[in-house]
Amino acid sequence: MITDFPYPILYQSPRLVVIDKPAGLPVHPGPQTRHSVEALFPLLSRRKDGPWLVHRLDADTSGCLMIALRKQALIDAQALFASGQVQKTYWAVVNNAPAADEGMIDAPIKKITAREGWHMAPHPDGQKAQTNWRVLSRGKGRAVLELTLLTGRTHQARVHCAVLGSPIIGDGRYGGNAGPLHLMSRALDATLPTEQVSVRAEPHDIMRRTCQDFGLLLP
């Protein structure tokens with residue numbers, strides 16, 4: 001049993017852990033910060049064959065993050081992610097609420113590198129990217145969207161909300177305003193050879209306060 005990890009653990013077994021990653025915490029250490037999910041790995045396991053990140057979340061995205069404690073668990077879980085057999089559900093608070101109540105975005109995404117840095121953009125030559133979306137709540141021109149990512153491209157939820165014309169609050173890179181990013185990995189559901197993982201994370205306080213300000217209801 002893991003007892004001294006500083007963030008909520010949503011699921012744990014001898015092979016896998018799912019944590020509720022806070023917004024602002026990068027998964028990898030970098031030149032700007034040493035504090036990261038990977039820096040905390042010794043608190044999860046001191047074995048030589050792990051831990052490893054099964055997938056990634058942006059530093060500013062909170063919620064469900066799966067970590068493998070064994071090499072075979074990593075192989076099994078990453079195979080499920082790669083084949084689209086993991087259900088990945090995100091919640092986003094967006095500006096300019098869409099007129100419809102649900103839909104599907106099918107827009108390939110490509111990495112664009114420029115002098116000032118890189119970003120992802122919809123592009124016919126990009127990788128296939130599909131997202132189902134539905135409105136959970138509306139208020140004052142904003143909305144809470146539930147996004148089901150059918151593929152796993154970098155910044156997919158953020159780019160696809162922009163494609164929808166409803167950029168995520170706080171997503172200055174893709175058409176939103178400055179401030180905290182209102183995007184979270186709400187749920188992960190995966191059936192592995194050894195176990196069933198089904199977890200839910202809760203919205204962080206800033207996201208909840210924003211919803212209250214605009215009269216948006218979170219399920």
Side-chain angles (χ1 to χ4, degrees), residues 1-2 5 7-23 25 27 37 44-45 50-94 101-107 109 127-137 143-161 164 168 181-204 207-208 211 217-219:
M1 182 69 68
I2 299 163
F5 196 75
Y7 305 113
I9 293 178
L10 305 174
Y11 175 88
Q12 62 176 298
S13 75
R15 293 162 43 88
L16 291 167
V17 169
V18 181
I19 68 166
D20 185 354
K21 187 189 81 67
L25 178 68
V27 295
V37 174
L44 297 174
S45 174
W52 292 274
L53 292 167
V54 173
H55 61 119
R56 289 162 179 78
L57 292 178
D58 292 346
D60 293 332
T61 302
S62 67
C64 303
L65 179 68
M66 185 179 289
I67 299 165
L69 303 180
R70 303 286 190 275
K71 188 62 176 287
Q72 190 58 49
L74 175 71
I75 293 169
D76 293 343
Q78 286 191 329
L80 290 181
F81 272 90
S83 60
Q85 296 182 69
V86 177
Q87 183 166 327
K88 298 166 288 184
T89 305
Y90 284 69
W91 281 359
V93 187
V94 301
D101 289 330
E102 62 182 15
M104 198 262 255
I105 303 161
D106 187 354
I109 294 174
Q127 291 182 297
K128 179 180 179 180
Q130 295 179 319
T131 303
N132 286 330
W133 64 272
R134 68 185 182 101
V135 175
L136 298 179
S137 180
V144 179
L145 300 185
E146 182 176 86
L147 309 167
T148 302
L149 274 58
L150 305 181
T151 49
R153 308 306 174 207
T154 300
H155 293 183
Q156 178 174 323
R158 298 166 63 181
V159 173
H160 276 181
C161 283
L164 187 62
I168 299 172
L181 183 67
H182 285 56
L183 174 67
M184 65 171 296
S185 173
R186 163 64 174 170
L188 283 178
D189 295 277
T191 302
L192 289 103
T194 57
E195 57 207 288
Q196 173 71 40
V197 179
S198 183
V199 293
R200 303 290 181 270
E202 294 300 321
H204 55 75
M207 197 166 173
R208 286 192 180 279
C211 288
L217 299 177
L218 289 168

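Positions are given from 1 along the sequence.
In terms of heavy-atom proximity, S13 sits nearest to E195 at OG-OE1, 2.7 Å. Residue L25 comes nearest to K21 through the heavy atom pair O-NZ, 2.7 Å, listed as atom of the first residue, atom of the second, then distance. Scanning all heavy atoms of the two residues, the minimum distance from P14 to L69 falls at O-CB, 3.8 Å. Shortest non-hydrogen contact noted between Q196 and A190 is NE2-O, 3.3 Å. In this structure, A73 and A68 approach most closely via the heavy-atom pair C-CB, 4.1 Å. Annotation for G63 and A201: closest pair CA-CB, 3.9 Å, computed over non-hydrogen atoms.
To the nearest 0.5 Å, atom CG of residue L145 and atom CD1 of residue I168 are 8.0 Å apart. One finds the OG1 atom of T89 at 9.0 Å from the CG atom of L147 (value rounded to the nearest 0.5 Å). Atom CH2 of W52 and atom CD of Q78 lie 10.0 Å apart (nearest 0.5 Å). To the nearest 0.5 Å, the span separating CG on D106 from CG on N132 amounts to 10.0 Å. Note: Q87 CD to T191 OG1 = 10.5 Å, rounded to the nearest 0.5 Å. Annotation: the span from E146 atom CD to Y90 atom OH amounts to 13.0 Å, rounded to 0.5 Å.
Looking only at side-chain heavy atoms (C-beta outward), L188 and Y11 stay at 4.5 Å or farther from each other. Between H160 and I109 the shortest side-chain heavy-atom distance falls below 4.5 Å. A heavy-atom distance below 4.5 Å is not found between the side chains of L65 and S185. Side chains of F81 and V86 form a contact here, defined as non-hydrogen atoms less than 4.5 Å apart. Contact annotation: the side chain of W91 approaches that of P219 to within less than 4.5 Å [non-hydrogen atoms, C-beta and beyond]. Side-chain contact between K88 and R186 is absent, with no heavy atoms from C-beta onward closer than 4.5 Å. Residues L10 and I19 have side chains not in contact (no heavy-atom distance under 4.5 Å, counting atoms from C-beta outward).
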### Query
Between V18 and I67, is a side chain to side chain contact (heavy atoms under 4.5 Å, CB included) present by the stated rule, with each step listed?
CA-CA 6 Å; V18 181; I67 299 165; over 6 Å; no
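Remark: side-chain polar atoms of T151 are paired, donor with acceptor, to backbone N or O of Q130 under 3.5 angstrom.
Between H182 and H204, the two ring planes are perpendicular [angle over 60°; tilted spans 30° to 60°].
Under the side-chain contact (heavy atoms from CB on, under 4.5 Å) criterion, E102 pairs with R134, not counting sequence neighbours. Contacts of D76 classified as side-chain contact (heavy atoms from CB on, under 4.5 Å), with partners at least two apart in sequence or in another chain: R15, Q72, L192, P193.
Using a 4.0 Å cut-off between charged nitrogen and carboxylate oxygen, D189 and R200 count as a salt-bridge pair.
When T148, I105, V94, L149 are each tested for a side-chain contact (heavy atoms from CB on, under 4.5 Å) with W133, only one passes: I105.
The stretch residues 50-63 participates, sequence neighbours left out, in these salt bridge (charged side-chain N to carboxylate O under 4.0 Å, His left out) pairs: D58-R158.
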